[in-house]
Amino acid sequence: MHNHGHPALQHHFDNLTHQRESTTLGMWVFLTTEVMFFGGLFISYIIYRSWFPVAFAEASNDLDIYLGAINTVVLIASSLTMAMAVYYSQVNKRNLLMIFLILTMVLGTTFLVIKGFEYHHKYELHHIPGPNFVYEGPESKHVQLFFSLYFAMTGLHAFHMIIGFGLLLMLLYQAFKGKFDEKYNSPVEIVGLYWHFVDIIWIFLFPLLYLIGRHAHHG
Amino acid sequence: MADHHEEHEHHIVPLKVYFLIFGLLLVFTALTVGAAFVDMGVLNNVVALTIASIKASVVVLYFMHARYGNKVNLVVIGGTIFWLLLLFVLLGGDYATRDMGVFPDRDPISSTVTEPGSKDVKEPATEHAK
C-alpha cells in the first residue's frame, strides 16, 4: 500500500517508513545527550558518596523508602500506559489512545504530587541546602552535600516529567484532532521513548538515593 | 537502512508483551526494596545496581522497542553506553587517584574558610576513613 500522498509525509522523506525511522533515530541520538546530561550528576553523586559514605548513608536513611518505592511503581505503571498508548495509535484506536494518554498523565501527576510531599517534608525539616539548612551532628556539612545532589537530581528528573506532561497534552490534542492513524504515529512513538527514558532515570535514582545507604553505617 | 525505498509494515508489539514486562518490573522493584533491608555489606550496592540495570535493559528492549526497530538504533544505544562508561571510568579514576596524599582526610568542604562570626563554627576535620 503506497502512502506517498499521506498528509503527514514531509517532502524530504521518500515515504512514511523512511520518515518514521529517521525521527526515531533522531530521538535516540537526543536521548544520548540526555543520558550524558544526567551522567554528570550521577558520577558526581558516586564520587561524593565514596568520599563521605557515613554522611551519605545517614542522609539516605532520612528519605522515605516507602514513598520512593510507591513512586517507582507509579512510574513503571505510567510506562505501561504509555506503551499501551503507542500500541493503540499503531492499531488506529483513537479513543483508547486518548484514554491511555490521559492515564499516563494522571500517573505522571501522581508521581509529582508524591514528590511534592517529600520535598515539603524536607522543607519542614530544614533539609533544603542553603542558609537555613539545619542538621544535627558531625556530618552536617556532607549531609547538606547529599541533599544538594538529591534536589539537583530529583529536581531535574521532575522537570523532565513536567516537560513530558506538556508533550502528552500536545499528543492528546493531536489525537483528538485525528492526526494519527496506523501509518502515521511517530509523535506518539517518540514521546513514548522520552517518557520511558525518564522512567529509566528514576530506576537508577531510586536505588542510589533511597536504597544503597541503608546499611553503610554498619561497615 | 537499505530498505528505505520499500515500504514495510511497522512491527507492532502485542499488549501481552507489555503486561509481561510490567509484571517483571514490579517483581524486580519488590526484590530491590527487599534486598535493601538485608545487610550484605558492599553486595547491597552491587545487587541494587544490577537489578536497576536489568530493569533499564527490559525497558529499553521492550517498552522502547529497541529489540524490534531498526538496527541502527542499537548502534546509538551502544554508543550511549560506551560514552557514559567513558565518563564514569575516566572521571572516577581521576578522582580516585588524583587526591592521594593531597587531601588525606578527603574533606574538601570543611577545608574552605568559614566566615568569622558565622554560627557554623568550623570544627576540626573529622575522620572519614572507613
Side-chain angles (χ1 to χ4, degrees), chain A residues 1-3 14-18 20-21 24-25 28-29 31-32 35-36 39-40 42-43 46-47 50-55 65 69 72-73 76-77 79-80 82-84 87 90-91 138-139 141-142 145 182 189 192-193 196-197 199-200 203-204 206-208 210-212 214-216 218-219, chain B residues 1 3-8 10 12-15 18-19 21-22 25-26 29-30 32-33 35-41 44-45 48-49 51-53 55-56 59-60 62-65 69-70 72-73 76-77 79-80 83-84 87-88 91-92 95-96 106-110 120 123 126 128 130:
Chain A
M1 169 95 193
H2 284 272
N3 53 30
D14 291 340
N15 52 51
L16 283 174
T17 301
H18 183 194
R20 188 188 67 236
E21 292 191 344
T24 307
L25 177 64
W28 277 110
V29 172
L31 291 183
T32 305
V35 167
M36 296 309 286
F42 276 104
I43 188 66
I46 291 165
I47 288 169
S50 72
W51 280 15
F52 311 116
V54 179
I65 189 169
T72 307
V73 172
I76 290 172
S79 260
L80 174 68
M82 185 71 233
M84 291 173 76
Y87 173 85
Q90 289 169 339
V91 296
E139 301 291 344
K141 279 175 187 141
H142 302 140
L145 186 60
E182 58 273 275
E189 168 106 23
L193 288 179
H196 297 310
F197 157 77
D199 184 22
I200 287 173
I203 283 175
F204 283 101
F206 174 56
L208 281 174
Y210 290 76
L211 297 182
I212 62 182
R214 226 116 273 267
H215 296 289
H218 294 164
Chain B
M1 301 278 275
D3 47 12
H4 266 162
H5 296 274
E6 292 162 37
E7 301 179 15
H8 53 80
H10 191 186
I12 296 177
V13 183
L15 286 180
Y18 291 145
F19 294 141
I21 295 304
F22 176 64
L25 289 169
L26 288 186
T29 303
T32 195
V33 172
F37 287 101
V38 185
D39 195 347
M40 295 179 281
N44 275 105
N45 301 356
L49 290 177
I51 291 177
S53 303
K55 286 167 75 181
V59 171
V60 168
Y62 294 94
F63 279 174
M64 298 171 89
H65 307 151
N70 197 318
V72 75
N73 295 335
V76 175
I77 296 165
T80 307
W83 283 106
L84 190 67
L87 175 74
F88 280 19
L91 208 59
Y95 273 92
R106 290 199 155 170
D107 207 349
I109 286 184
S110 60
D120 195 355
E123 67 242 287
T126 40
H128 291 285
K130 258 273 161 165

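Protein chains get the first letters and strands the later ones, always in sequence-line order, with residue 1 at the start of each.
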Top of [options] for chain A proximity - count of heavy-atom pairs under 4.5 angstrom:
options                            : result
B/Gly69, B/Gly79, B/Ser53          : B/Ser53
B/Leu84, B/Leu26, B/Val33, B/Leu15 : B/Leu15
B/Ile21, B/Leu25, B/Asn45          : B/Asn45

For [X], is it the side chain, the backbone, both or neither that has a heavy atom under 4.5 Å from a heavy atom of chain A?
X       : result
B/Phe19 : both
B/Ile77 : side chain
B/Thr29 : side chain
B/Val13 : backbone

Can you name the nearest heavy-atom pair linking A/Ala77 to B/Phe22, along with the distance? CA-CE1, 3.5 Å
So which of A/Ala69, A/Ser79, A/Gly192 has the biggest tally of heavy-atom pairs under 4.5 Å with chain B? A/Ser79
Does A/Val91 have any side chain to side chain contact (heavy atoms under 4.5 Å, CB included) partners at least two apart in sequence or in another chain, and if so, which? A/Tyr87, A/Tyr88, A/Lys93, B/Ile12
Could you grab the distance from atom [atom1] of [X] to atom [atom2] of [Y], nearest 0.5 Å is fine?
X        : Y        : atom1 : atom2 : answer
A/Trp28  : B/Asn70  : CH2   : CG    : 12.0 Å
A/Ile46  : B/Phe88  : CD1   : CZ    : 4.5 Å
A/Leu80  : B/Tyr18  : CG    : OH    : 9.5 Å
A/Phe206 : B/Ile51  : CZ    : CD1   : 10.5 Å
B/Leu91  : A/Ile47  : CG    : CD1   : 4.5 Å
B/Asn73  : A/Leu193 : CG    : CG    : 8.0 Å

Non-hydrogen side-chain atoms of A/Ile200 and B/Val60 separated by less than 4.5 Å: yes
With a 4.5 Å cut-off on side-chain heavy atoms, are B/Tyr95 and A/Ile43 touching? no
